[in-house]
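Below you'll find the structure, written out as structure tokens, and then a few comments.
Note that the coordinates shown come from a computational prediction; the quantities given were computed from them, not determined experimentally.
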Amino acid sequence: MPLSEDTGREFRNALSTFATGVTVVTTRAPDGTPHGLTVNSFAAVSLEPRLILWSQSVRAATADVFGLATFFAVNVLGLDQLDLARRFGRQSPDKFTGLGVRYGLGGAPLLTGAVATFECSASTRYPGGDHVIHVGLVEHFAHTAGRPLLFAGGRYQRGHDLELRPDPDADLAAAWDGLS
């Protein structure tokens, strides 16, 4: 396929063909105020040590708060948490009003019902064009059997199971073996 003039929108359209999970990344400001935002740029970096990353626009209202944070939490949203994805994707003075939360390392809010949580100490931050790449050392994590909310094609989606082999654990083992 030939390369075309990039309008910016076309690049975003091409990126949107890759489905991602939906997370809410949270932290607590030095004054004790909780902060959070919806993020789909979450990825594993390393198994040993346990490192993850996520990226944030340098223009985000919470860029300074997360830039100074020593701890943050990544809350992986489940299929039934579309309302949280939308809530934390908007500008709002208090996104936490009426929510069930408990507090993890450094006071980072952990959202009730998340299918996974990763409590991290901030490890490194890298400039990445119009974004900052936050790398966290996973200090504690938890997960449930729930199904994650997905994002692709510019919208929230549900994943569908594909039965490629009778033993889904064999697929996982083969995939991990292929990475080493």
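- Shown here is Asp64, whose CG atom has no more than 12 heavy atoms of other residues, nucleotides or ligands within 6.0 Å.
- In this structure the side chain of Val135 reaches within 4.5 angstrom of the side chain of Tyr126, judged on heavy atoms.
- When hydrophobic clusters are built by joining Ile, Leu, Val, Met, Phe, Trp and Tyr residues whose side-chain heavy atoms come closer than 4.5 Å, directly or via intermediates, Leu47 is not grouped with Val45.
- Aromatic rings from Tyr103 and Phe71 are positioned such that their centres are separated by 6.0 Å or more.
- Side-chain contact between Val101 and Pro34 is absent, with no heavy-atom pair separated by less than 4.5 Å.
- The closest side-chain heavy-atom distance from Leu99 to Leu84 is below 4.5 Å.
- Heavy-atom minimum distance, Gln91 versus Ala61: OE1-CB, 3.4 Å.
- Checking side-chain atoms of Thr23 against main-chain N and O of Val25 turns up no donor-acceptor pair under 3.5 Å.
- When every heavy atom of Gly136 is checked against every heavy atom of Cys120, the shortest pair comes out as CA-CB, 4.0 Å.
- Here the closest non-hydrogen pair linking Val115 and Arg147 is CG1-O, 3.9 Å.
- Using a distance-only test at 3.5 Å, with no hydrogens or angles considered, a donor-acceptor pair links the side chain of Thr38 to the main chain of Gly89.
- Trp54 contributes atom CH2, which lies 4.5 Å from atom CZ of Phe66 (distance to the nearest 0.5 angstrom).
- The aromatic rings of Phe42 and Phe118 are tilted relative to each other, their planes meeting at an angle between 30° and 60°.
- Remark: side-chain polar atoms of Glu119 are not paired, donor with acceptor, to backbone N or O of Ala108 under 3.5 angstrom.
- Hydrophobic cluster membership differs between Val39 and Ile133, with clusters built from Ile, Leu, Val, Met, Phe, Trp and Tyr side chains linked at under 4.5 angstrom.
- Of the possible donor and acceptor atoms, none in the side chain of Thr27 sits under 3.5 Å from a partner among the backbone N and O of Phe72.
- Across all non-hydrogen atoms, the minimal contact from Ala73 to Pro109 is CB-O, 3.9 Å.
- The backbone N or O of Gly107 lies less than 3.5 Å from a partner atom in the side chain of Arg28, making a donor-acceptor pair.
- Annotation: Arg50, atom CZ; neighbour count of heavy atoms from other residues, nucleotides and ligands within 6.0 Å does not exceed 12.
- The heavy-atom pair separating Arg158 from Leu150 by the smallest distance is C-CD1, 4.2 Å.
- Val138 and Leu51 fall into different hydrophobic clusters, where Ile, Leu, Val, Met, Phe, Trp and Tyr are joined by side-chain heavy atoms under 4.5 Å apart, directly or via other members.
- Between Ser121 atom OG and Leu137 atom CG the span is 4.0 Å, to the nearest 0.5 Å.
- Nearest heavy-atom pair across Leu82 and Leu149 is CA-CD2, 4.0 Å.
- Atom CZ of Phe88 and atom NE2 of His35 lie 11.5 Å apart (nearest 0.5 Å).
- Between Leu37 and Gln56 there is a side-chain heavy-atom pair separated by less than 4.5 Å.
- Remark: side-chain polar atoms of Thr62 are not paired, donor with acceptor, to backbone N or O of Val65 under 3.5 angstrom.
- Note that the NZ atom of Lys95 and the CG atom of Leu111 stand 11.5 Å from one another [nearest 0.5 Å].
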* Which is it for Ser16 and Asn13 under the side chain to side chain donor-acceptor pair (under 3.5 Å) test, yes or no, and what are the steps along the way? -> CA-CA 5 Å; Ser16 78; Asn13 290 343; 4.9 Å; no
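- In this structure, Ser41 OG and His134 NE2 are separated by 9.0 Å, a value rounded to the nearest 0.5 Å.
- If you chain together hydrophobic residues whose side chains sit under 4.5 Å apart, Val24 and Tyr156 fall into the same group.
- At a threshold of 4.5 Å between non-hydrogen side-chain atoms, the residues Thr117 and Val74 do not count as touching.
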